[in-house]
Amino acid sequence: MSTTASAAQAVTNNLEAFWMPFTANRQFKQNPRMFVGAKDMHYTTADGRQVLDGTAGLWCCNAGHGRPRIVEAVQKQVAEMDYAPAFQMGHPKAFELAARLSALMPSPLDHVFFTGSGSESVDTALKIALAYQRTIGQGTRTRLIGRERGYHGVGFGGISVGGIVNNRKHFGSLLTGVDHMRHTHDPSRNAFSRGMPESGAEYAEDLIRIAQLHDPSTIAAVIVEPVAGSTGVLIPPKHYLQRLRQICDEHGILLIFDEVITGFGRLGTPFAVDYFDVKPDLVTTAKGLTSGVVPMGAVFCTKTIYDAFMHGPEHVIELFHGYTYSAHPVACAAALGTLDTYEEEGLLTRAAGLAQYWEDGLHSLKDCPHVIDIRNLGLIGAVELEPIAGEPTKRAFSAFLKAYEDGILIRTTGDIIALSPPLIISKDQIDELFGKLRKVLMNTH
């Protein structure tokens, strides 16, 4: 073995320095699971096994892995220009990307603010909403409304409006002036629903309760995931999102859709905005924007919101917000290569043609031991397992470990198995994914 190889191995074998995110660090470092390569639908492990990607990495690799258009675009951009400042300067790809993205989103969502991640997108959208209300003379509107079991990233704004207990409880009082609507999950009426549940539209009325409690004139914005992903794939009941839009309109409240997961083809349409035919005032995106190749996010806003800031002396900054890596040239190149791939292969709508096959395969697991609910929409699915008494999360985590050993990558949140494969998945691969998952579940105690 060469000296270089020995040094590399020594560094690789030292796992202690890396404090891993959302990971049981001690458990992992005793028996690490290492990926060393990825192509199309598969990861390659350190011991040379192929693992079918059932989660698009982390909800993000919508176009699959190692796609030539994206790789070439990134390589070319690094050589051409690695970085350019976004404050008071620009580069062509930023404007090209914004124009192409705005063309994908229905009018009037035609302006784009670039960020570095989904968490940054959420904080950006919340700040724009607050600043907009002040700009139009509604300065009393300072409250932000989220939803129980919502996930909006890990910035202080995101965990404040988010509603996942473990993401909040260690970090103090968070933002003030935040309240939460009830979540829409109702297994007593909707367990094993195929697609959108029939019951539950009335949960949108909880926003009226909150508005009456605080007075609508104090509320700036409501933020929801059209499909709540990281909390375990909670599908909105029929007419729920339409009713939220209606209530917001009646009370002058902005509606923000967090589409970090649902954006870029996940439901069989470019965005959930299209799938549900509901137009919010702001939309947060990330993940599928670059198919996970380079970190990047984008916030869409309406022309009305953008134009409200475009007053006063022309030399004055209109919005005091932004990031060092807003519209990073390499990220823009990755995003453009991703959009090319989506367009050439029809990936933004491909899930629509697979959704029924996916649904049938997923619901075929209903008879497996400990399965208490199954949920799906587009190419998203969840299998909820009955928790082990006194040991929550253990049953699903055991299934995750077995699945990895059997050659499929799944994701767990609590005792829920979540699935969201790359949009290039074939029917044979769907069969393989659910076939192997069935074997895992049949042997999970």
Side-chain angles (χ1 to χ4, degrees), residues 21-22 58-60 86 109 111-136 138-181 183 207 210-211 214 218-226 228-231 244 248 253-263 280-287 289 295-302 305-306 308-309 317-327:
F22 282 109
L58 199 57
W59 308 91
C60 54
L109 290 157
H111 286 78
V112 181
F113 194 105
F114 288 117
T115 71
S117 67
S119 294
E120 289 183 0
S121 289
V122 167
D123 278 9
T124 296
L126 297 177
K127 289 174 73 174
I128 288 175
L130 292 168
Y132 169 75
Q133 297 287 16
R134 182 181 290 265
T135 296
I136 64 170
Q138 296 287 314
T140 61
R141 294 184 179 271
T142 59
R143 293 189 182 276
L144 300 167
I145 309 302
R147 188 167 59 182
E148 297 168 355
R149 295 189 68 166
Y151 179 73
H152 302 291
V154 293
F156 269 95
I159 61 174
S160 295
V161 295
I164 298 179
V165 174
N166 283 338
N167 290 1
R168 296 163 50 87
K169 68 181 182 181
H170 298 293
F171 307 114
S173 58
L174 310 180
L175 295 185
T176 59
V178 174
D179 209 337
H180 295 79
M181 300 180 291
H183 63 76
L207 179 55
I210 291 174
H214 298 296
T218 68
I219 300 175
V222 171
I223 182 169
V224 296
E225 300 159 274
S230 295
T231 194
L244 273 189
C248 288
I253 300 168
L254 297 180
L255 179 60
I256 305 169
F257 273 8
D258 185 341
E259 289 221 42
V260 171
I261 283 176
T262 55
D281 303 286
L282 293 141
V283 177
T284 65
T285 65
K287 294 187 184 292
L289 173 57
M296 190 182 203
V299 177
F300 295 81
C301 75
T302 64
I305 291 176
Y306 176 81
F309 290 89
I317 295 170
E318 295 97 0
L319 178 66
F320 282 83
H321 175 70
Y323 303 97
T324 300
Y325 298 120
S326 291

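Here the structure is a predicted model, which is why all the values come from computation and not from measurement.
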Euclidean distance, [Y] [atom2] relative to [X] [atom1], rounded to 0.5 Å:
{"X": "R147", "Y": "H183", "atom1": "CZ", "atom2": "NE2", "value": "10.0 Å"}
{"X": "L109", "Y": "D281", "atom1": "CG", "atom2": "CG", "value": "7.5 Å"}
{"X": "E120", "Y": "H321", "atom1": "CD", "atom2": "NE2", "value": "7.5 Å"}
{"X": "E318", "Y": "T135", "atom1": "CD", "atom2": "OG1", "value": "10.5 Å"}

Minimum-distance pair of heavy atoms, taken over all atoms of [X] and [Y]:
{"X": "A221", "Y": "A129", "value": "CB-CB, 3.8 Å"}
{"X": "A308", "Y": "I136", "value": "CB-CG2, 4.1 Å"}
{"X": "H180", "Y": "I210", "value": "O-CD1, 3.4 Å"}
{"X": "R141", "Y": "A220", "value": "O-CB, 3.3 Å"}
{"X": "L282", "Y": "C301", "value": "CD2-CB, 3.4 Å"}
{"X": "Y306", "Y": "H111", "value": "CD2-NE2, 3.2 Å"}

| message | Per the ring-ring contact (aromatic ring centres under 6.0 Å, His included) rule, what does the pair list look like for residues 141-167, sequence neighbours excluded? | response |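 For residues 141-167, and leaving out neighbouring residues, there are no ring-ring contact (aromatic ring centres under 6.0 Å, His included) pairs at all.
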Chi angles and distances behind the side-chain contact (heavy atoms from CB on, under 4.5 Å) call for L144, L130: CA-CA 9 Å; L144 300 167; L130 292 168; 4.1 Å; yes
* Go through the steps to decide whether I256 and V161 satisfy the test side-chain contact (heavy atoms from CB on, under 4.5 Å), and finish with yes or no. => CA-CA 12 Å; I256 305 169; V161 295; over 6 Å; no
So do [Y] and [X] actually touch side chain to side chain, heavy atoms under 4.5 Å?
{"X": "V154", "Y": "F22", "value": "yes"}
{"X": "V260", "Y": "S119", "value": "no"}
{"X": "T124", "Y": "F114", "value": "no"}
{"X": "F257", "Y": "T262", "value": "no"}

Name all residues meeting the side chain to side chain contact (heavy atoms under 4.5 Å, CB included) criterion together with [X]; count only those two or more places apart in sequence or in a different chain, and write none if there are none.
{"X": "C248", "value": "L207, V222, R245, I253, L255"}
{"X": "S160", "value": "L174, L175, V178"}
{"X": "T218", "value": "R143, H214, D215"}

Tell me every residue that passes side chain to side chain donor-acceptor pair (under 3.5 Å) with T285, counting only those two or more places apart in sequence or in another chain.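 For T285 there are no side chain to side chain donor-acceptor pair (under 3.5 Å) partners, ignoring immediate neighbours.
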The side chain to side chain donor-acceptor pair (under 3.5 Å) partners of D123 (sequence neighbours excluded) come to none
Evaluate the criterion side chain to side chain donor-acceptor pair (under 3.5 Å) for residue pair T284 and D258; output intermediate values, then yes/no. CA-CA 5 Å; T284 65; D258 185 341; 3.0 Å; yes
Next on the checklist: Whether the side chain of R149 engages the backbone of T231 through a donor-acceptor N/O pair (distance < 3.5 Å, no angle test) should be reported.
Outcome noted: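 Pair found, side chain donor or acceptor close to backbone of T231.
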**Prompt:** Between S121 (side chain) and V299 (backbone), is there a donor-acceptor pair under 3.5 Å?
**Reply:**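 Not a single qualifying donor-acceptor pair exists.
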Task: Y323 atom OH, neighbour heavy-atom count above 12 within 6.0 Å - done: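 Yes, the 6.0 Å shell around OH holds more than 12 heavy atoms from other groups.
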